[in-house]
Amino acid sequence: MKIALTTQGSTLEALLDPRFGRCRFFILFDSETQLISVIENTQQLNATQGAGIQAAQHVIRAGAQALISGHCGPKAFRVLKAAGIPIYLSDAKPLTEVLQLFDQKALNELTSPDVEGHWV
Amino acid sequence: MKIAIASGKGGTGKTSLALALFMANQERCVLVDCDVEEPNCHLFLPWQRQPQIPVTRPIPQFIAENCQSCSQCVEACQFNALAQAGPQNILVFAELCHSCGGCFLACPHQAIQEVQTEIGTIEHLISTQGEECIMGTLGVGHSSAPSVIQTTLQHVPRKAQAFTLIDSPPGTACTFVAAVEKADFVLLVTEATPFGLHDLQLAIQALQDLKKDFAIIVNRMQKPDNIIQQFCTQHGHKLWLQIPESRQIAEAYSQGNHLLKAQPQYTQPLRNLLDRCAQQINPTGHHVSS
């Protein structure tokens, strides 16, 4: 299973980034091969809006089957839900710890956006 | 001739001046309320309101059966208004769309269709004396104020009066640009405070970039020798009128009355002000009717 995590660094020792749309990197962790790949959360520089939508697009294109982040707003939630990617919430802990909690099914799945949108 | 009444700072008296200027020159003016996020010129006169005209803009609609999942529409969108959630599954976020039309052009398979969506209204207001005001209103929940402003200005009658007065939105952002870009002359209303001066400087900078001529009006003036007056002298800007602070004007305003109701002696100075704008626009005076 491929799990996308929002992160402030580029290794599994880095902390989870609680922001989704404006996180620095995504780490894609493959639980079968234990391989990780780092995806930069590049945003269109002239877009002042829709960071969450674009970040969700990165997660979908990476082929992730689950996402772990700190929060998720309404637009990103809509995109990820349409793509069938479940979202799990975690605090800003080291990713190794977050993945352990995920394995133990100790992370809550988000059933609705937990923060307000930044626009409209 | 189109005269925009604008300001950097909000609450300096744009609407007060626009209305007073309109009332002092009613036989040669049409008033356009382009402050579409909160139009309020209509509150001060007993207008007869005409039916509303909808303002629409194109929003993409996704047609799944035509989609080949190439995602070119998503790539084309510079505003993140489209997302691809999977094969033949494009999501549209209408509230982020700027109606640029990029996605319609980018899609090679006719899977994106234009649908007109209402984002605001335009109303023609006619007073009992036959004065005319065009008012634009941005719909609740919509953010594309410049489109509503541009459409409002297009609704000014062709056989218009000699002068079109444009009550502009505050600030110096795209709404301000949309309201002043077609103007022949701009009156910048400000107050003699550090905030007033700061935002006036921003507005001047924007107008200079737009190559618009302008003059400055100080509202609620407490002493004639103030920071705006000093700034204008220093930079050679036209300071054409200072309206003193007046409890009488404020009381009239709070009761829904315009400035001339409180102080009719402003009628002549405000007629002169418009003549001065006309002279500035057209020094030879050939096309000016009064």
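Side chains included, hydrogens not; waters and symmetry mates left out as well; all remaining heavy atoms used. Here the structure is a predicted model, which means the values were calculated and not measured. Naming convention: chains lettered A, B, ... in sequence-line order (proteins, then strands); numbering from 1 in each chain.
Within a 6.0 Å sphere centred on NE2 of B:His109, heavy atoms belonging to other residues, nucleotides or ligands number more than 12. Within 6.0 Å of atom CD in A:Gln34, more than 12 heavy atoms from other residues, nucleotides or ligands are found, so the atom counts as buried in its surroundings. Annotation: B:Lys9, atom NZ; neighbour count of heavy atoms from other residues, nucleotides and ligands within 6.0 Å is above 12. The environment of B:Lys212 atom NZ is dense: over 12 non-hydrogen atoms of other residues, nucleotides or ligands sit within 6.0 angstrom. By the 6.0 Å contact criterion, CZ on A:Arg24 is open, its count of non-hydrogen atoms from other residues, nucleotides or ligands being 12 or less.
When heavy atoms are compared at a cutoff of 4.5 Å, A:Ala56 does not approach chain B at all.
Taking 4.0 Å as the cut-off between side-chain N and carboxylate O, B:Glu95 and A:Arg78 do not count as a salt-bridged pair.
For A:Gln49 (side chain) and B:Asn80 (main-chain N/O), no donor-acceptor pair under 3.5 Å exists by modelled atom type. Between the side chain of A:Gln57 and the backbone N or O of B:Gln84, at least one donor-acceptor pair lies under 3.5 Å.
The nearest pair of heavy atoms linking B:Ala83 to A:Val79 is CB-CG2, 3.9 Å. A pairwise comparison of heavy atoms in A:Ala83 and B:Ala85 identifies CB-O, 3.1 Å as the closest pair.
Atom CD1 of A:Ile53 is separated from atom CG of B:Leu82 by 9.0 Å, given to the nearest 0.5 angstrom.
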